[in-house]
Amino acid sequence: MTLTRSDIKASAEELEQFQQGLQHLSVSALWANQGPVSRSPGGSIEPRPRAVPHVWHWLDLRPQALRAAELVGTQQAERRVLQLKNPAFSDRSVTTNTLFAGIQIVMPGEVARAHRHTMAALRFIIESEGGYTNVDGEPVPMLPGDLVLTPNWAWHDHANDTGAPMIWLDGLDAPLVRMLEAAFQEDFPQERQALSAARGLSQIRYGAGALRPAGEPPAVRHSPLMHYAWADTQDALDRLAEVDEGSPYDGLIMEYTNPVDGGSVMPTIACFAQRLRPGERTAAHRHTSSTIYHVVHGNGYSIVGGHSLNWQDKDTFCVPNWTSHQHVNLSETEPAYLFSFSDIPVLRALDLLREEPVPGEWG
Ligand code: 1HN
């Protein structure tokens, strides 16, 4: 028997009638609809991200955060957060398909009440003279450039016991958790948790370089270290820069790790710090993970999906999944430092991580 692809041509009316007849059965013809994919001339399919590249400038955001603090209290807004919404999504609060970024402000004397949720969150501190987030009873310091984790289901309240506003970048996996319909949230019985642990306890236990308390590590999937101080991060980057060229795509890049297993800080989010040498221009690549960048210090631009995004200190920009990107440090004298977080652990865990070089603006 010869096997061939069959050639059957029904009329448009017959096909239409057939498809209508399927509707009341909650059935539809796969061949009749194209999903959110694009087909190359060769017929192959690859992701066509809905999110677009975008940059939010600190000079625009800061006055709006201060204005928000005049308009609503932390009674009115459980979290006083300006959402950095991807312009391609008017219907959802997302920054990329899986990640959320926002700017949160807590004024002197204020607390943002204690709660917990299955969304994992990180805080990258932009402005602060030293308030804290209480994570499961431990006050975690928040100074500019610090990374603070509030993992899935950890109780957390934010407190500003200083005389100056505290402003930080929030990063959450909320779009992913909502898509999985796995979002749970609870209020703590009181507004604030008692301060039951020493300030910086997780740093003392798990932030001592290659040493950690002997014996069984805590049985959790996230980093037991809740605080990564900027001074240590920049020092690590600067020292490595003396002996290492870094990657052609990312410059010198280091991952914040879970000190127990060396993996990402949380199961759904990985955090990175990178250093671009004066005048450095990276090569273009793209990957199936999406990334949100925050400029700790520097002056430059990134070409993301063909758009040039100019950035300077404290700006935030997004690189959607499967979107080409490359970075330029415009300073000829100073390194640029970028913080970023991404959903790469999710893609990796599900065997969906792909990466490829892309012809860029310069080789
Ligand atoms: C949240 O709980 C916080 O706890 C910040 O500070 C931002 C964005 C979406 C959903 C929950 C916080 C959030 C959030």
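All ligand and atom numbering here is 1-based and tracks the order in the structure. In this chain, residues are counted from 1 in sequence order.
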Asker: Check if Arg123 has a non-hydrogen atom at a distance under 4.0 Å from any atom of ligand 1.
Answerer: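 Yes; Arg123 lies near enough to ligand 1 that a heavy-atom distance drops under 4.0 Å.
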
Asker: Test of understanding: with side-chain hydrogen bond (donor to acceptor under 3.5 Å, both in side chains), list the residues that count as partners of Arg50, not counting sequence neighbours.
Answerer: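 Listed in chain order: Asp91.
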
Asker: Walk me through it: do Thr95 and Trp56 pass the test side-chain contact (heavy atoms from CB on, under 4.5 Å)?
Answerer: CA-CA 11 Å; Thr95 311; Trp56 291 265; 3.7 Å; yes

Asker: His57: what forms a side-chain hydrogen bond (donor to acceptor under 3.5 Å, both in side chains) with it, not counting sequence neighbours?
Answerer: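 His57 satisfies side-chain hydrogen bond (donor to acceptor under 3.5 Å, both in side chains) with Asp315 only.
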
Asker: What I want to find out is whether Arg205 reaches Glu138 closely enough, with some N-O distance under 4.0 Å, to be called a salt bridge.
Answerer: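 A salt bridge is absent here (no side-chain N lies under 4.0 Å from a carboxylate O).
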
Asker: Within less than 4.0 angstrom of ligand 1, does His115 place any heavy atom?
Answerer: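 True for this residue.
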
Asker: Taking only non-hydrogen atoms of Gln83, do any sit less than 4.0 angstrom from ligand 1?
Answerer: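 Distance cut 4.0 Å: Gln83 fails for ligand 1.
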
Asker: Checking a contact table here: which protein heavy atom is nearest atom 2 (O) of ligand 1, and how many Å away?
Answerer: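 For this ligand atom, the closest protein heavy atom is His117 NE2, 2.7 Å.
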
Asker: Does an N or O from Asp170, backbone or side chain, lie closer than 3.5 Å to an N or O of ligand 1?
Answerer: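 Between Asp170 and ligand 1 (N or O atoms, distance only) the closest approach is not under 3.5 Å.
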
Asker: Give the C-alpha distance, both sets of side-chain angles, the deciding distance and a yes or no for side chain to side chain donor-acceptor pair (under 3.5 Å) between His297 and Gln234.
Answerer: CA-CA 11 Å; His297 176 67; Gln234 184 174 331; over 6 Å; no

Asker: Which protein non-hydrogen atom lies closest to atom 7 (C) of ligand 1, naming both residue and atom, and how far is it?
Answerer: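 Going by distance alone, atom 7 (C) of ligand 1 is nearest to Leu172 CD1, 3.6 Å.
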
Asker: Give me the nearest non-hydrogen protein atom to atom 12 (C) of ligand 1 as residue plus atom name, then the distance to 0.1 Å.
Answerer: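 Looking at atom 12 (C) of ligand 1, the protein heavy atom closest to it is Arg79 NE, 2.8 Å.
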
Asker: Salt-bridged, Glu110 to Arg80, with N to O below 4.0 Å?
Answerer: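 Yes, this pair counts.
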
Asker: Could you tell me, atom by atom, which parts of ligand 1 come under 4.0 Å of a heavy atom of His158?
Answerer: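 Counting from 1, the qualifying ligand atoms are 4 (O), 6 (O), 12 (C).
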
Asker: Can you tell me which residue and heavy atom of the protein come closest to atom 8 (C) of ligand 1, and the distance to 0.1 Å?
Answerer: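 Looking only at protein heavy atoms, the one closest to atom 8 (C) of ligand 1 is Phe100 CE2, 3.6 Å.
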
Asker: What part of His156 sits under 4.0 Å from ligand 1 if we count only heavy atoms: the side chain, the backbone, both or neither?
Answerer: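 Answer for His156: side chain.
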
Asker: With Thr150 as reference, evaluate Arg116, Arg123, His222 under the side-chain contact (heavy atoms from CB on, under 4.5 Å) test and give the passing residue.
Answerer: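 Testing Thr150 for a side-chain contact (heavy atoms from CB on, under 4.5 Å) against Arg116, Arg123, His222 leaves exactly one candidate, Arg123.
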
